[in-house]
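Beneath this line is the structure, given in structure tokens, with notes to follow.
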There are 2 protein chains.
Amino acid sequence: MTGAQRGTGTNQEAVRRHNLGTLLRHVHDTSEVSRAELTGRMGLNRSTIAGLVGELDTLGLIEHASPATERRGAGRPSAGVRIPEDGPYVVAVDLGVDHATVARVGLGGTIRERASAPIPEETEAWQVGATVATLIRQVVALSPTDAPLLGIGVAVPGLVRRSDGLIRHAPNLGWHDVSFGSIVLAALSLDVPIGLGNDADLGALSEHRRGTAKKIDDLVYLSGNVGVGAGVITGGHRLEGVAGYAGEVGHLCHDPRGLPCHCGSRGCWETVVGAHAIAEALDVPADQAARLGTTLDEMTTPVRELRPIATELGRGLAAVVNTFNPSVVILGGYFRPLFRLCRSEVTAGLTERALRPANEAVRLTLPGLAKDSVLLGAAEMAFEPVFADPVASLAAAVTDAPARLAG
Amino acid sequence: MTGAQRGTGTNQEAVRRHNLGTLLRHVHDTSEVSRAELTGRMGLNRSTIAGLVGELDTLGLIEHASPATERRGAGRPSAGVRIPEDGPYVVAVDLGVDHATVARVGLGGTIRERASAPIPEETEAWQVGATVATLIRQVVALSPTDAPLLGIGVAVPGLVRRSDGLIRHAPNLGWHDVSFGSIVLAALSLDVPIGLGNDADLGALSEHRRGTAKKIDDLVYLSGNVGVGAGVITGGHRLEGVAGYAGEVGHLCHDPRGLPCHCGSRGCWETVVGAHAIAEALDVPADQAARLGTTLDEMTTPVRELRPIATELGRGLAAVVNTFNPSVVILGGYFRPLFRLCRSEVTAGLTERALRPANEAVRLTLPGLAKDSVLLGAAEMAFEPVFADPVASLAAAVTDAPARLAG
DNA sequence: AAAGTTCGTTGGACCGAACAACAATCCTCA
DNA sequence: TGAGGATTGTTGTTCGGTCCAACGAACTTT
């Protein structure tokens, strides 16, 4: 019972849509489920499940599988349902700090192909669009000919307006009010559903569905890159705000007497724990973002200069924990190695400032999907419509993508 | 399509439940609706609406009304539906700083009776429970004999665990881990559904449904009392967090070098803009909370000492605006007169620190329900079950409350 | 090998919303 | 003032989707 706008009544057509969608989502989440399990989880009758499975099968969204090998208890074993190999897929794009990564991701969340290319600093949007389009062509070229392309999802390090996918402000890329979705579609001369999202939001989404926070409905994904942002899921719903800018915790005032920030304010949290601060502490030149990542990843014991940053990370996290009362906080981006190296400093900083009950409820952790969180989150976003309405989404999909993109 | 737990399928019984509930909610929201309007808003067929209205009518939840007086256009005028005078009601309790207010609130959100009593400082929970029980008896005694009591809602200035309504920590009252719901029910020797909620959360709820933020799905109600707390609604859903502690923005670190706070940290926002800070600026003795309220309410031009506090209020609000990207921020409690007096200082402080796009999207405003926001929010919380499942909720209601409570 | 258990399938029952036709009520215009 | 148009409520029917019961299939247990 999710998805429809509030205040609206439900007709039986909507019921069917919803049931088809949630069934598909269950298969997507666990990659293979027995039909018996589905009846239990969805609370519907065996025969109803049979009908739903049948319809999704004829649509080509799922296929039958032999019963699971390990038995538990007596009785006839239940037939499995799974995602077909040559089934529907999406294209996920991750616009990172200095690289663009593109992947073809099948329903079920498996990465089939991937490709990436560097993005030089100060590149204009249409150039990046062309690069991304080339990567998409590469990745789609190898797909089965009759597999439908459901859509494209793009993760952006910046403020994205949810309603139309406009990139309001992406400081790393130097972009303002860029309609990147249209640019990519134009470069491909293709018309498929395309969605854009903030990288932290999408990290939260994928970790919620496939990562550490599976089955956890209140979590925060904290992305530490040049900027600091939080993707928040509460009660199973993504926190958006009215325009999609919610979770911009990087510009919370950490110290009113601190350094000026590019946002116009001073002492923002990200001036203390952002990539520039980390790079300075490690004596890495500010313009070599890639080297900073590898330096941190290869480090096994923390440099002394890192510890104060970790403490400030924890202290700032207190604001996140107090406001959202999450069950899990996932530390992504540069915070991943930082937390690995200085776990105790981070937790100490947090306990220092967080309210006791909220602090007791939260667990800090690393991303379960490692560096693919954001990329897979973009895929999940692109999959969203097919769970809301499988039939309609499939009707809007492109079935001959390889041929079209080759021409 | 709301309410059911995620991942669950929908059967037709659930459809009926949902449609009955949302229809009732529409009548509740607007106190009188024409059936034609209902068909439009709910997107259902005329005949379906007729069936739903009929069922709710026989349940005694709504009644027919003569068509609206003002005509618009040709055609047969549509018959109205409204809440009956002697219909179902709830009891709302607002545990304020020094007073407890209790009201009998009918479906539709109208206050039928109200009563209040002072709560001396350092009163124990069972004593407060007895006081509240007495007030409830007073208020219920006058209700129509056959009107069903649906439940009780209690607003508490403190951290409330949503799952079981336990008051984890209420600094004003000096309570820790108090099961106030059970205490009240025991004092009444009654068994009805009772729910507890944070005062700011409930202020947000009522302002969302009946106040300034009607039809606005992203809002923050900021409650300024002894403590500072935020009730947040995003995407139409209340922000709860895993245990219900979300929105505790009063203890965000406003200045690391600030005064120590009772929470153990230092420089918390509420040490700067909380009641104690305001009282100090106005030279009101710290223990006379009631006088502080009247002093502020009667003030027509701001005292000079108030301005810096208003500025800090705005600066701290930037954190709220950046993290939640709300469409409206409602300033309740002592912030109501403060904002009325020093509007420009507050907005200046906000623009100083908030991100531009988020700041452009937000509007600061006063509560539309004045001082009754929290009380009515408690009522709304108590009504919630009847919208989720009218039939079940009515079955759990008490029909002879006056007699039972008199005995 | 027989009994018990669990699952998939099938046909019918049930429930609720949609639909179509008709009556009721009001507005507008001649 | 009366006819026509428009909109709504009502009623009987249809349609769609889930539930239910019975049966056969497949596997475990004794």
Side-chain angles (χ1 to χ4, degrees), chain A residues 1 4 8-23 32-59 62-82 389-391, chain B residues 1 4 8-23 32-59 62-82 389-391:
Chain A
M1 297 276 261
T8 283
T10 306
N11 51 15
Q12 49 206 17
E13 186 185 342
V15 169
R16 187 68 170 184
R17 248 203 317 270
H18 173 253
N19 285 347
L20 281 173
T22 46
L23 175 45
E32 180 156 346
V33 208
S34 74
R35 299 166 60 154
E37 236 178 295
L38 286 171
T39 67
R41 279 201 234 171
M42 293 185 61
L44 298 180
N45 195 282
R46 286 208 297 268
S47 51
T48 308
I49 295 291
L52 294 168
V53 166
E55 184 163 347
L56 288 177
D57 185 24
T58 60
L59 286 172
I62 60 175
E63 67 181 13
H64 291 89
S66 37
T69 48
E70 89 269 358
R71 302 261 159 282
R72 63 208 174 294
R76 172 177 175 175
S78 185
V81 202
R82 67 160 172 244
D389 189 346
V391 181
Chain B
M1 294 278 261
T8 281
T10 305
N11 52 15
Q12 48 207 20
E13 189 184 336
V15 169
R16 188 68 172 181
R17 249 202 318 268
H18 173 253
N19 285 348
L20 281 174
T22 45
L23 175 46
E32 179 156 347
V33 208
S34 74
R35 300 165 60 155
E37 235 178 295
L38 286 171
T39 67
R41 280 201 234 170
M42 294 184 62
L44 298 180
N45 195 281
R46 286 208 298 267
S47 51
T48 308
I49 296 290
L52 294 169
V53 166
E55 184 162 348
L56 288 177
D57 186 23
T58 60
L59 285 172
I62 60 176
E63 66 180 14
H64 291 89
S66 38
T69 48
E70 88 269 0
R71 304 260 157 280
R72 61 211 175 292
R76 172 177 177 176
S78 186
V81 205
R82 66 158 172 244
D389 189 345
V391 182

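Heavy-atom basis, side chains included; hydrogens, waters and symmetry copies ignored. By convention in this document, chain letters (A, B, ...) are assigned in the order of the sequence lines, proteins followed by strands, and residues within each chain are numbered from 1.
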Nearest to the [X] side chain among [options], which nucleotide is it?
| X | options | result |
| --- | --- | --- |
| Gln12(A) | dT10(D), dG16(C), dC26(C) | dG16(C) |
| Arg76(B) | dC19(C), dA25(D), dG9(D) | dG9(D) |
| Asn45(A) | dC19(D), dT28(D), dA18(C) | dC19(D) |

Between the CG atom in Leu38(A) and the OG atom in Ser78(A), the distance rounded to the nearest 0.5 Å is 8.0 Å
Whole-Å gap separating [atom2] ([N]) and [atom1] ([X]):
| X | N | atom1 | atom2 | value |
| --- | --- | --- | --- | --- |
| Glu37(A) | dC7(C) | CD | C1' | 14 Å |
| Leu52(A) | dG8(C) | CG | P | 13 Å |
| Glu13(B) | dA13(C) | CD | P | 21 Å |
| Leu44(B) | dC15(C) | CG | P | 20 Å |
| Ile49(A) | dT18(D) | CD1 | P | 9 Å |
| Arg16(B) | dC14(C) | CZ | C1' | 14 Å |

Return the minimal non-hydrogen interatomic distance between Leu56(B) and Pro390(B), and the atom names on each side. CD2-CB, 4.3 Å
Can you check whether [X] has a side-chain N or O nearer than 4.0 Å to OP1 or OP2 of [N]?
| X | N | result |
| --- | --- | --- |
| Arg46(B) | dC22(C) | no |
| Thr48(A) | dC19(D) | yes |
| Ser47(A) | dT10(C) | no |
| Asn11(B) | dG17(D) | no |
| Asn19(A) | dG17(D) | no |

Using only heavy-atom distances, decide whether a donor-acceptor pair under 3.5 angstrom links the side-chain of Ser34(A) to the base of dC7(C). no
Polar pair under 3.5 Å, donor/acceptor by atom type, side chain Thr39(A), base dC7(C): no
Please list every donor-acceptor pair under 3.5 Å in which a side-chain atom of residues 42-50 of chain A meets a protein atom from a residue at least two apart or in another chain.
unit_1, atom_1, unit_2, atom_2, d
Asn45(A), OD1, Ser47(A), N, 3.0
Asn45(A), OD1, Ser47(A), OG, 2.9

Does any non-hydrogen side-chain atom of Glu55(A) lie less than 4.5 Å from one of Val391(A)? yes
Comparing Ala74(A) and Arg35(A) on DNA chain C - which has the more 5′ nearest nucleotide: Ala74(A)
Residues in side chain to side chain donor-acceptor pair (under 3.5 Å) contact with Arg35(A), at least two apart in sequence or another chain: none
